[in-house]
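One structure below.
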Amino acid sequence: MSRNGFTTQLIHSDRLLGLEHGAIHAPIHPSVPYGYQDVNDLVDVFQGKKAGHAYARQSTPTMDALGHKICQLEQGVASLVFGTGMAAICATFLTLLKQGDHLICSRFVFGNTSSVMGTLRGYGIEVTLVDATSIEQVKSAKQANTKMVFVETIANPVTQIAALAEIGAFCRQEKLLYAVDNTMTSAYLFQPKTVQASLIISSLSKYFGGHGNALGGSVTDTGLFDWSEYENIFDGYKKGDPKLWGISQIKKKGLRDMGGSLSSEAAHLLSVGSDTLALRMQRQCHNAMSLAKLLDAHPKVAKVYYPGLADHPQHQRASELFRDFGALLSFDLVDGIDCCAFLNELQWVIGATHLGDNRTLALPVAPTIYFEMGLAARQAMGISENMIRCSIGIEDTQDLLDDFTGALDKF
Ligand SMILES: *Cc1c(COP(=O)(O)O)cnc(C)c1O
């Protein structure tokens, strides 16, 4: 079947799943229990013989509609939604890895994901952190007990881009699970299936929802991994099509048992927010590129980290893989200008964590999101003490440029 344009597909996905009472948006179903006239139907739902819902921790029609939308965008075989991105990430690790297994993880990952690595080690799962921009480092980290490689697309805050395609080919060859966190790029800028990802994880709280009003996460199985050869699938989930064994286990163990479920109200907000994903990201990427150029040429800025700049170490890779260069941009001010004093001079830019919002948000990196890990770990990640991270919004471009120019002029 030919693939329609990104937005056409996205905004019509609810409708094509079947209209309930003619509702163009999938309705919000807040019901926790799901009842049946004939109790045999309930039994069949419990036994997986019939599709249906039983209890909202595991599934609701609203969660399913959002999962279906994400699955279409990522061209997967099945998607699950979670209450947060972290719930999706933890469910994936904790249900697919066991004591004695080995995980290769990018050294440049979201701070809380990095913190999870310590938790996994405590459970007896070995973790090797690598510079995932280099395929050689990933290859040389492989051990006999390696089960999974986990990377992000564009890393935060230094914007390194993993060797996504090369790692995909390596994982395919070595029969390793390849999990890609696509939060930064979203399905609009990049489809991890094209680099042979097995699982695509996303924080829907960021670009997907886009409005900073709901948390959510997702896991999508691309259908490329052969679960029949994966040792950690419980016998009970080796039923039916092997393509669905992995996602079934994540659903039963990770969503049903661990309970990081998404509310229907949040699912609705995320779904409505996602209608404009492409439009928002086009403007955000344009704004980010314009601002990156301005800062790069400014004498009071020491360094700019943005994949769209020709001297970014993975500029070529980003050009080949992504539709655009993203909307996360970091920079170092020259010595002597205090980050917080500078940020306080900005009128439109809000001092806040979070990213992917319609509004431009910025924060000093070292004393906030990367404070807990300490100086040595920051240096190992290439984070300077004077770095400012910006998540670029959809403001009118000139207003944003004027805001930064005006603030820099104060120093
Ligand atoms: C924010 C983020 C997460 C976590 O998502 P939450 O929805 O905040 O739990 C995971 N990965 C990346 C890359 C993120 O930016």
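Numbering of ligands and ligand atoms starts at 1, following listing order.
- Of all the heavy atoms of Ile89, the ones lying under 4.0 Å from any atom of ligand 1 belong exclusively to the side chain.
- Counting heavy atoms of neighbouring residues, nucleotides and ligands inside a 6.0 Å radius, atom NZ of Lys175 does not exceed 12 of them.
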Step-by-step salt bridge (charged side-chain N to carboxylate O under 4.0 Å, His left out) determination, Asp241 to Lys243: CA-CA 5 Å; Asp241 184 354; Lys243 277 197 164 42; 5.6 Å; no

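- On a distance-only criterion, Met184 and ligand 1 share no N/O pair closer than 3.5 Å.
- Taking 4.0 Å as the cut-off between side-chain N and carboxylate O, Lys293 and Asp296 do not count as a salt-bridged pair.
- At least one cation-pi condition fails for Lys50 and Tyr34: the charged atom is not both under 6.0 angstrom from the six-membered ring centre and inside a 45 degree cone around its axis.
- In the vicinity of Ser205, heavy-atom distances shorter than 4.0 Å reach the ligand 1 atoms 6 (P), 7 (O).
- Residues Phe325 and Leu189 fail the side-chain proximity criterion, which asks for heavy atoms closer than 4.5 Å.
- Aromatic pair Phe150/Phe93: ring centres closer than 6.0 Å.
- Scanning all protein heavy atoms for the shortest distance to atom 4 (C) of ligand 1 gives Phe110 CE2, 3.5 Å.
- Distances below 4.0 Å separate heavy atoms of Asp181 from the following atoms of ligand 1: 10 (C), 11 (N), 12 (C), 13 (C).
- Near Thr183, with a cut-off below 4.0 Å to any heavy atom, the atoms of ligand 1 are 11 (N), 12 (C), 13 (C), 14 (C), 15 (O).
- Heavy-atom contacts of Glu152 reach the following atoms of ligand 1: 13 (C) (cutoff under 4.0 Å).
- For atom 15 (O) of ligand 1, the nearest protein heavy atom (residue, atom name, distance) is Lys206 NZ, 2.7 Å.
- Taking only nitrogen or oxygen atoms, main chain and side chain alike, Met86 reaches within less than 3.5 Å of ligand 1.
- Checked against a 3.5 angstrom limit, the closest N/O atoms of Asn156 and ligand 1 fall outside it.
- For the pair Lys98 and Phe234, the distance from NZ or CZ to the six-membered ring centre is under 6.0 Å and the angle to the ring normal is within 45 degrees.
- Between Phe342 and Phe411, the angle of the ring planes lies from 30° to 60°, which puts this pair in the tilted group.
- The Gly216 neighbourhood of ligand 1 comprises atoms 7 (O), with distances under 4.0 Å to a heavy atom of that residue.
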